[in-house]
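No hydrogens, no waters, no symmetry mates; every other heavy atom, side chains included, goes into these values.
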Amino acid sequence: MNPGARRRTRLLFCIIACTLNALALAAEDDATSRIVNSYQKAYAEGRDLIPPPETNLDTSSIAERLDLQTVMPGGVLSGSAFLASDGTIVKLVGVQGCLSVEQVEFAGLWTTCAMLSLAGLTSTLDEAKAAAGDAVPCHFLGQNTGTPTVRFAECFFVKDGQAQSLSEVLIVKGLAFAARDRAGRAIFPEYAQAEESAKRTRSGIWANAHFTRPYGARYRANPTMN
């Protein structure tokens, strides 16, 4: 079995185990709604309030020592982060939502690129939760100090008997980009391939003929990676 197949098999077993232990997601209170609204408003204006990692994140740990924890997602905060039921922010390491307020067309409607990414994570996270009893298993790579706590992770779910990466699904659908380091290299090379596939099939954002992926510094959401 090749390394990629072994990784998918391990993910499948770990996800199933986490799903069996899932609890019902608690309803959001007014304070939570205010937090979600403030983050979403800033993101819709092209500002991501979630800081990058304070320390190096060892992304190789996903393949070498996978440790999935059950997370109960709450409101989506950006194109690549959501609020968990315990009040912490979970930021997906391998994907970066679109921050541009450029107008793009999607399904016959005009919206901004940032709003498309917000809606994309919302719908994809709902899909993942529906497949896993309102919970998703995540592998955490680190967290920032301060309040609220920001935790950096990759999250997964099972669809049609296959382990799916939430980040990769967003990229394949053309709703977000492969996150890159300071040198412009994709954090996970397979996600860069997924992005190229979305461009070829003109999925999501890439259906717009004049849209160019912004590789600027603000799109390098994970600058401290090993």
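No salt bridge links Glu196 with Arg200; every basic N to acidic carboxylate O contact stays at or beyond 4.0 Å.
A donor-acceptor pair under 3.5 Å is absent between the side-chain atoms of Thr124 and the main chain of Leu121, judged by distance alone. Asn208 places a side-chain N or O within donor-acceptor distance of the main-chain N or O of Ile205, the cut-off being under 3.5 Å. Under a 3.5 Å cut-off, the side chain of Tyr43 and the backbone N or O of Cys98 do form a donor-acceptor pair. Of the possible donor and acceptor atoms, none in the side chain of Thr88 sits under 3.5 Å from a partner among the backbone N and O of Ala84. Under the 3.5 Å distance criterion, the side-chain polar atoms of Ser197 are left unmatched by any main-chain donor or acceptor of Gln193.
Legend: residues meeting salt bridge (Lys or Arg N to Asp or Glu O under 4.0 Å) with Glu105, ordered by chain and number and at least two apart, are absent.
Residues Val104 and Thr112 fail the side-chain proximity criterion, which asks for heavy atoms closer than 4.5 Å. Inter-residue side-chain proximity for Val36 and Leu77 is flagged as met; some heavy-atom pair is nearer than 4.5 Å. You'll find the side chain of Tyr191 reaches within 4.5 Å of the side chain of Ser165, heavy atoms only. A heavy-atom distance below 4.5 Å is found between the side chains of Gln96 and Asp48.
With rounding to the nearest 0.5 Å, the separation of OH in Tyr39 from CG in Leu83 is 8.5 Å. In this structure, the separation between NZ on Lys41 and CG on Leu49 is 10.0 Å, given to the nearest 0.5 Å. Taken from CZ in Phe156 to CG in Leu66, the straight-line distance is 6.5 Å, to the nearest 0.5 Å. Between the CG atom in Leu57 and the NZ atom in Lys91 there is a gap of 10.5 Å [rounded to 0.5 Å]. Rounded to the nearest 0.5 Å, atoms NZ (Lys199) and CD (Glu195) are 6.0 Å apart.
Sequence neighbours left out, the pairs with a member in residues 162-173 that pass salt bridge (Lys or Arg N to Asp or Glu O under 4.0 Å) are Glu127-Lys173.
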task: Would you sort out whether Phe82 and Cys155 count as a side chain to side chain contact (heavy atoms under 4.5 Å, CB included), showing the intermediate values?
output: CA-CA 11 Å; Phe82 59 87; Cys155 299; 4.2 Å; yes

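When all heavy atoms of Leu92 and Glu154 are compared, the pair lying nearest together is C-OE2, 3.8 Å. Nearest heavy-atom pair across Val150 and Pro51 is CG2-CD, 4.2 Å. Across Ala153 and Val90, no two heavy atoms sit closer than the pair CB-CG1, 4.1 Å. The two atoms that bring Pro148 and Gly87 nearest to each other are CB-O, 4.0 Å, heavy atoms only. Between Ala176 and Val95, the closest heavy-atom pair is CB-CG2, 3.4 Å. Shortest non-hydrogen contact noted between Pro189 and Ile187 is CD-O, 3.9 Å.
Taken together through direct or relayed side-chain contacts under 4.5 Å among Ile, Leu, Val, Met, Phe, Trp and Tyr, Val172 and Val169 form parts of separate hydrophobic clusters.
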Identify every side-chain donor-acceptor pair in residues 138-146 under 3.5 Å, counting partners at least two apart or on other chains, and give the distances.
residue	atom	partner	partner atom	Å
His139	ND1	Asp67	N	3.0
His139	NE2	Ser61	OG	2.9
Asn144	OD1	Glu54	N	2.9
Asn144	ND2	Pro52	O	3.0
Thr145	OG1	Glu54	OE1	3.2
Thr145	OG1	Glu54	OE2	3.3

